Amino acid sequence: MSGSWTLLLAVIAPVAGAAAVGLLGRRPNLREAASLIAAAVTFGLVASLVPTVLDGGRPAFLLLELLPGFSLRLHAEPLGVGFGLIASSLWFVTVVYAIGYMRAHHEENQTRFYLFFALAIATTVGAALAANLLTLYVFYESLTLATYPLVTHGGGDKDRAGGRTYLTILLGTSLTFFLLAMAWTWSLTGSLAFVDGGLFRDGNALIDGVTPGLIAVLFALFVFGAGKAAIMPFHRWLPAAMVAPTPVSALLHAVAVVKLGVFTILKISVYTFGIGTLAMVDAGQLLQYVAAATLLIAAVIAIREDNLKRRLAYSTISQLAYIVLAAMLANRFSILAGGMHIAIHAFAKITLFFCAGAILVSLHKTTVGELRGVGRAMPITMGAWLVASFCVIGLPLTGGFWSKWYLAQGALEAGEPLMFGVILLGSLLAMGYLLPPAIRAFYGPDPAAPLAVRARGAAEAPRFSLAALVFTAAVSAALFFAAPQMSRWLQGIEGIG
Amino acid sequence: MIASHLPVLQVVMSLVAAPLCMVLHRGRPAWLLSVAVSWASLACAVALLLQVIDDGAVTYAFGGWAAPVGIEYRIDILNGFVLLIIAAISAVVVPYSLRSAADEIAPERLWLFYAVLNLLLAGLFGIAITGDLFNVFVFLEISSLASYALVSLGRDRRALTAAFRYLILGTLGATFILIGIGLLYAATGTLNMADIAVRVQGQLDSRTILAAFAFLTVGISLKAALFPLHSWLPGAYAYAPSAVTALLAATATKVAIYLLLRMVFLFGPDFIYEELPLSEVIVTLALLGVLSGSAAALLQTDVKRLLAYSSVAHVGYMLLGIGLGGMLGLGGGIVHLFNHAMAKGAVFLAVGCIVLRVGSSELASLQGIGRRMPWTMAAFVIAAFSLIGVPLTAGFIGKWYLVLAAMERGWWWVAAALLVAGALSVLYMWRVVEQAYFHEPHPANADAAEAPLSMLVPLWVLAAASVYFGIDTSLNAGLAARAAAVVLGIAP
């Protein structure tokens with residue numbers, strides 16, 4: 001098949017980028033150019049798969065066969081290609097942002113930073129294109145390891161402590177729950193492949209030796225095993241990882257790492273179990289309450305959190321729970337909503353992180369309480385914040401509206417009015433944690449602030465950073481008009497179209 | 001001509017090298033001789049294994065006396081594989097020992113060290129190769145006495161108490177084995193293992209056979225360091241000279257586990273897995289070993305001790321495979337023999353490099369060593385991945401088989417416990433990695449340089465093998481599956 005080599009190249013391109021970054025360590029401009037080129041090439045490669053996938057093609061590439069039937073394989077399908085597009089495009093944007101941020105903030109060890117950044121993207125793309133559970137698992141774990149040096153970039157005791165929590169929870173959940181579920185799946189079905197309709201159904205009945213209860217247990221193991229999705233009680237790593245520099249938090253903890261968690265859950269729901277099977281045995285019945293509780297509790301914590309980045313961290317946990325909830329509801333509307341929300345939330349949340357970082361660099365402010373008057377000094381930044389907030393909340397004229405809309409519809413389709421309520425309540429709470437910073441910022445200058453930062457636009461973010469965050473904010477709004485395209489794309493997944 | 005005498009050469013070369021080292025009476029020539037012998041042994045083991053793969057089991061009648069009267073050497077896939085492991089490890093560790101042993105052992109005793117080292121290898125090869133049960137005991141004593149002497153050569157005086165403890169418990173184990181062999185001889189009238197396997201079948205319910213089985217099992221378990229008979233292991237590994245630790249960790253317990261596998265073959269899988277509740281007992285003890293070893297490793301402040309406890313855990317994995325039985329369980333156990341030998345050998349060699357440069361294996365003195373000795377630590381990390389069981393390393397294959405074997409029997413709690421132990425192993429390995437990479441260099445290693453090439457190359461050979469055999473599994477997993485079939489009596 002024509003697209004199959006493209007799959008391999010899409011994973012290799014970021015690795016090559018990392019190598020180039022390492023070699024060009026002494027020449028920052030060339031080094032960043034290498035990152036940008038690698039990001040553009042990766043995006044181009046993944047994008048070139050789009051027409052084939054849209055026509056129903058599913059190119060695949062065998063990397064390695066470890067044991068008979070037990071292999072590392074890549075393939076292209078709508079969910080994965082979509083995720084790969086998001087990760088590679090936002091890598092490009094984040095590098096642009098980081099050029100401004102890292103230099104203005106005088107961060108040390110920038111070469112190491114860009115190098116592991118590229119490796120993290122390579123593993124993310126690999127996971128996005130994984131054709132079976134083993135491949136997904138390998139890249140999933142690699143991403144944890146590749147991001148550890150980024151999380152602990154500062155190198156202090158606090159960074160190490162955060163890094164330790166990060167590793168313990170992420171490796172702990174995947175090495176126990178996920179691996180167990182994977183081995184169990186293999187011993188039940190003799191396969192780890194991602195196939196349309198899942199592995200557990202034979203016609204209209206479950207395969208031999210599998211009961212609905214067993215499916216529910218396996219599903220739960222996978223959901224908790226994907227610790228990157230930050231479902232409570234395995235969410236602590238996310239706020240802990242906020243010790244990282246802002247571009248890391250932005251890309252990894254709004255896009256790559258957390259989205260890989262929920263992507264894993266969606267992918268397994270659709271291709272290991274099959275939406276039909278999940279709905280038939282009602283596998284998510286109990287888990288949906290866990291997701292709903294995570295959604296609400298995290299939102300309440302976010303409202304009470306004064307530190308800007310930590311507030312965003314809890315907001316991420318809450319928003320991820322939407323996607324997990326989508327997988328639990330397991331019907332065509334909810335999966336559609338889940339897939340969309342991965343994309344939409346990625347753009348909106350990265351904008352919010354970019355803004356938080358810009359405020360830190362320009363005004364050295366890190367808490368919501370200090371934000372008064374910032375809107376005057378940084379009007380563009382705070383404007384972008386407002387747009388992205390609307391998107392996360394799910395207001396019309398931003399992309400976020402659609403994912404919430406379809407998810408609410410999915411809840412009704414599944415006959416879960418309670419979950420419908422939870423979705424609405426979650427949006428209300430999101431207003432509570434995202435709008436106050438904006439309101440405070442636009443409220444008027446802090447009389448105690450020095451005159452220099454009280455003028456309009458006096459302390460705007462570094463140019464590169466500003467360009468990046470304006471772009472992502474624009475995309476999160478523009479996605480409102482892309483709903484038909486997004487849903488047409490996702491309808492390529494069996495069980496949705 | 002030579003080909004037909006390979007089985008005896010496998011043992012005799014090391015056995016003769018030992019007194020020759022005494023004659024040479026100097027460290028360096030003794031080392032040169034040992035290297036030559038260890039490489040020749042590897043060639044011999046490879047040739048034997050190829051012969052077995054092509055033509056089936058190879059037998060060799062010692063001195064021309066046919067089997068029931070004389071001693072027979074008999075090599076099938078199972079012990080051919082074990083011979084390969086021992087030979088490969090010794091071919092890597094002996095060259096490595098030049099600098100390491102010279103640093104840790106007094107020069108006037110260096111030639112003695114090599115003499116005893118060759119004796120140890122002769123003993124290990126002998127246990128693996130012979131088809132005669134009493135002969136097993138003889139070689140077991142040779143290898144055990146040699147290993148007590150080698151442990152006692154360690155850097156400080158604690159090595160002496162560790163060696164003494166090892167001696168007491170090892171002798172106990174050997175006595176149990178001897179009693180078991182005696183009872184078996186009384187019941188069957190033969191010492192040839194192939195003969196015993198046939199004659200024992202009619203009288204499996206006799207008390208004598210049961211007692212023999214019990215004595216043998218306990219004795220061998222002690223040698224294999226099955227929980228709770230493992231207390232000799234951490235001390236012996238921690239205080240022995242670094243090269244010795246690597247060699248012992250990678251081969252000595254493996255040979256005991258091979259003997260246990262041979263027991264399954266001797267008494268027949270039906271007897272072991274159907275009639276006796278041995279499966280449950282071994283699985284429980286092995287799991288306790290896995291969990292307690294991993295937990296104890298978390299608490300150590302010395303890297304060598306930490307890795308020694310990790311060995312207790314990994315011995316548990318292999319025994320677990322035997323306990324679970326079946327193609328998956330036995331295959332997993334056997335493949336882990338191989339994989340653990342590579343990975344554990346590598347980490348101990350890495351620690352040996354650090355001891356050479358820093359003079360200590362305390363965890364605290366490793367701070368920042370990743371910057372001082374990047375190649376050593378990189379190899380350590382790779383091998384540690386394999387010990388943890390990360391996919392794409394050899395360690396993953398064995399664990400995967402074991403988890404599947406547990407699932408197959410419906411013992412999901414065994415699978416869960418295995419995975420928890422895997423997570424624990426991440427934690428204890430992480431302690432080393434964090435010290436090495438995420439701290440400023442410790443004053444103790446301020447002028448530590450990278451290890452010499454003569455140590456780095458062996459280290460990297462093993463580290464690379466840990467990755468290679470995780471990707472191309474046809475050799476290790478393929479042979480392990482065939483060996484498991486031999487144990488189960490499915491294949492000759």
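From a predicted model like this one, the values you see are computed outputs, not experimental measurements. Below, read A as the first sequence line, B as the second, and so on, with proteins coming before strands; counting in each chain starts at 1.
Taking each heavy atom of A/L175 and B/G422 in turn, the nearest pair found is CD1-O, 4.4 Å.
With contacts defined as side-chain heavy-atom distances shorter than 4.5 Å, the pair B/L392/A/L66 qualifies. Residues A/L145 and B/F385 form a side-chain contact, since some pair of their non-hydrogen atoms from C-beta on lies under 4.5 Å apart. The shortest side-chain heavy-atom distance between A/L179 and B/F396 falls under the 4.5 Å cut-off.
Each of B/V426, B/I471, B/I388 has some count of heavy-atom pairs under 4.5 Å with chain A, and the biggest count is that of B/I471. The most heavy-atom pairs under 4.5 Å with chain A, out of B/V403, B/V420, B/L404, come from B/L404.
Interface remark: A/L180 contributes backbone and side-chain atoms alike to the contact with chain B (heavy atom separation under 4.5 Å). Proximity to chain B is absent for every atom of A/L63, based on heavy atoms less than 4.5 angstrom apart. Only the side chain of A/F70 has a heavy atom closer than 4.5 Å to any heavy atom of chain B. Contacts between A/L188 and chain B at a heavy-atom distance below 4.5 Å are absent for every atom of the residue. When heavy atoms are compared at a cutoff of 4.5 Å, B/A477 approaches chain A solely by way of its side chain, counted from C-beta outward. If you measure heavy-atom distances from B/L427 to chain A, the contacts under 4.5 Å come from the side chain alone.
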Show me the donor-acceptor pairs within less than 3.5 Å that the side chains of residues 212-221 of chain A make with the rest of the protein, sequence neighbours left out.
none

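Listed by first and then second residue, the salt bridge (charged side-chain N to carboxylate O under 4.0 Å, His left out) pairs involving residues 116-129 of chain A amount to none (not counting sequence neighbours).
For B/A484, the side chain to side chain contact (heavy atoms under 4.5 Å, CB included) test picks out B/M327, B/L330, B/I334, with sequence neighbours left out.
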Between chain B and chain A, which N/O donor-acceptor pairs sit under 3.5 Å?
unit_1 : atom_1 : unit_2 : atom_2 : d
B/E434 : OE1    : A/R164 : NH2    : 2.8
B/E434 : OE2    : A/R164 : NE     : 3.1
B/E434 : OE2    : A/R164 : NH2    : 3.2
B/F438 : O      : A/R160 : NH1    : 2.4
B/T473 : OG1    : A/L66  : O      : 2.3

